[in-house]
Number of protein chains: 2
Amino acid sequence: MNPELTISKLAKRLDLSAHTIRYYERIGLFDPVGRGGNGHRVYAEKDVLWAEFLLRLKATGMPIHQMLRYAELRRSGDSTLAERRELLEQHRRDVQAQISQLSQSLEVLDNKIQIYHQLEQKEHHHDP
Amino acid sequence: MNPELTISKLAKRLDLSAHTIRYYERIGLFDPVGRGGNGHRVYAEKDVLWAEFLLRLKATGMPIHQMLRYAELRRSGDSTLAERRELLEQHRRDVQAQISQLSQSLEVLDNKIQIYHQLEQKEHHHDP
DNA sequence: CATTGACTTAGAGCGCGCTCAAACCTTTAC
DNA sequence: GTAAAGGTTTGAGCGCGCTCTAAGTCAATG
């Protein structure tokens, strides 16, 4: 019923290793998390949501030092709302640019692949 | 009139350092290139085109070992046409997947940014 | 004829983002 | 009571993709 997770459960859910989760906590990306009586980390749903958002940033190419900046602003409370928004807006522009660039490259790839198809046709006619 | 380039001209044109160009040649990505009487590298237009295509692959996230595989296939001649095409087709699918993933993330970012705008509105009403 | 500047090589060093090793502690199962 | 399964810490190591250093060659310039 309660949604608390061990580190290995979280690892499975986020699809990364427990090592990496501890590493992210060490460098200040994930907040220090609750501990059970045995000293083991206990993750609540809010931790999962925060982690998932960070991983979304990572997946879109944000470098760790910038995620770290965002995490620090968040820890500083509501006075940093505008700054956090601006950071995300800048990142939004970066992601847009990535998409444009990839779309262009997709066209280049398609052209190249077409050329290969043509070359392969010619190859097949070599010996009469 | 003739379009031959020194390494520093090529570096400017490709927007990378001469160091990096030599590095790419060393690891087998760029073909060993012509040399002037003084032993300096001399780049012809075909070298530029090949480099630009490789950089396109790099820009779309292809790791160096795979670019290297492609480069080796190319050096092996026409018998590798199909294999090269398949490599590019696989990469095309990867790029498509990247675009989809980024587009999704863009929506998530937009939601988050909207939420920040709302929170900032509320913040501004705090003191009456 | 010495200096400047652009090139050459081999190889060392570096920043990023993990990834793993070692030593140790708990809880559960037999 | 002991072994296995899972967690803890600190700190070292690693793969990638460059990036830079050192020492040297060569060509043109003052």
Side-chain angles (χ1 to χ4, degrees), chain A residues 4-44 47-48 50-72 91 94 98 101, chain B residues 4-44 47-48 50-72 91 94 98 101:
Chain A
E4 304 206 317
L5 299 175
T6 64
I7 197 167
S8 59
K9 294 282 172 58
L10 180 66
K12 260 168 204 146
R13 177 143 164 204
L14 300 178
D15 194 31
L16 34 79
S17 75
H19 283 311
T20 302
I21 293 173
R22 289 190 206 98
Y23 165 71
Y24 285 162
E25 182 179 322
R26 237 193 311 175
I27 65 173
L29 212 46
F30 292 173
D31 298 328
V33 78
R35 300 296 179 117
N38 46 14
H40 292 189
R41 289 171 179 78
V42 176
Y43 293 92
D47 299 314
V48 179
W50 172 231
E52 282 174 344
F53 184 66
L54 281 177
L55 292 179
R56 179 71 73 168
L57 294 180
K58 183 166 105 68
T60 50
M62 184 182 285
I64 281 190
H65 72 261
Q66 207 171 339
M67 292 197 276
L68 208 43
R69 169 121 188 83
Y70 184 73
E72 282 160 1
H91 186 56
D94 294 348
Q98 280 186 68
Q101 215 263 24
Chain B
E4 305 205 316
L5 298 175
T6 64
I7 196 168
S8 59
K9 294 284 172 59
L10 180 65
K12 260 167 204 146
R13 178 144 163 202
L14 300 178
D15 194 33
L16 35 79
S17 75
H19 282 312
T20 302
I21 294 173
R22 288 190 206 100
Y23 164 71
Y24 284 162
E25 182 180 323
R26 238 193 309 175
I27 65 173
L29 213 46
F30 292 174
D31 298 329
V33 77
R35 298 296 180 117
N38 48 12
H40 292 190
R41 288 171 179 79
V42 176
Y43 293 92
D47 299 314
V48 179
W50 171 231
E52 282 174 343
F53 184 66
L54 281 176
L55 292 179
R56 180 70 73 167
L57 295 181
K58 181 166 105 69
T60 50
M62 184 181 285
I64 282 190
H65 73 261
Q66 206 171 341
M67 292 197 275
L68 208 43
R69 169 123 187 82
Y70 184 73
E72 283 160 1
H91 186 57
D94 295 347
Q98 281 187 68
Q101 215 263 21

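On a predicted model such as this, the values are computed, not experimentally measured, just so you know. In what follows, chains are A, B, ... by sequence order, proteins preceding strands, each numbered from 1.
- Whole-Å rounding puts the A:Ile27 CD1 to C:dC18 P distance at 8 Å.
- Spacing between atom CZ of A:Phe30 and atom P of C:dG17 amounts to 14 Å, rounded to whole angstrom units.
- For D:dG6, the OP1/OP2 oxygens have no side-chain nitrogen or oxygen of A:Thr6 closer than 4.0 Å.
- With C:dA6, D:dC26, D:dT8 as the choices, the nucleotide that has an atom nearest any side-chain atom of B:Asn38 turns out to be D:dC26.
- D:dT8 atom P lies 5 Å from atom CZ of A:Arg22, rounded to whole Å.
- Between B:Glu25 and B:Arg41 there is a salt bridge, since at least one side-chain N of the basic residue sits less than 4.0 Å from a carboxylate O of the acidic one.
- As judged by a 4.0 angstrom heavy-atom cut-off over every strand, B:Ile7 is placed among residues touching the sugar-phosphate backbone only.
- Spacing between atom CG of A:Leu16 and atom C1' of C:dG17 amounts to 12 Å, rounded to whole angstrom units.
- To the nearest angstrom, P of D:dG6 lies 8 Å from NZ of A:Lys12.
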With 3.5 Å as the limit, what N/O pairs link the protein to nucleotides 18-24 of chain D?
from   : atom 1 : to      : atom 2 : distance (Å)
D:dC18 : OP2    : B:Tyr24 : OH     : 2.6
D:dC18 : O5'    : B:Tyr24 : OH     : 3.3

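- Residue B:Arg41 places at least one side-chain N or O closer than 4.0 Å to OP1 or OP2 of C:dT8.
- Rounded to whole angstrom, the span from the CG atom of A:Leu14 across to the C1' atom of C:dC18 amounts to 16 Å.
- Checked by atom type and distance alone, the side chain of B:Asp15 never pairs as donor or acceptor with a backbone atom of B:Lys12 at under 3.5 Å.
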message: With side-chain contact (heavy atoms from CB on, under 4.5 Å) as the criterion, how do A:Lys58 and A:Tyr24 come out once you've worked through the C-alpha distance, each side chain's angles and the decisive distance to 0.1 Å?
response: CA-CA 12 Å; A:Lys58 183 166 105 68; A:Tyr24 285 162; 3.4 Å; yes

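- Checking the phosphate oxygens (OP1, OP2) of D:dT9, a side-chain nitrogen or oxygen of A:Arg35 falls inside 4.0 Å.
- As rounded to whole Å, 14 Å separates atom P of C:dC20 from atom CD1 of A:Ile21.
- With B:Asp31 contributing its side chain and B:Val33 its backbone, the two residues share no donor-acceptor pair below 3.5 Å.
- B:Gln98 contributes a side-chain N or O that, together with a main-chain N or O of B:Thr60, makes up a donor-acceptor pair within less than 3.5 Å.
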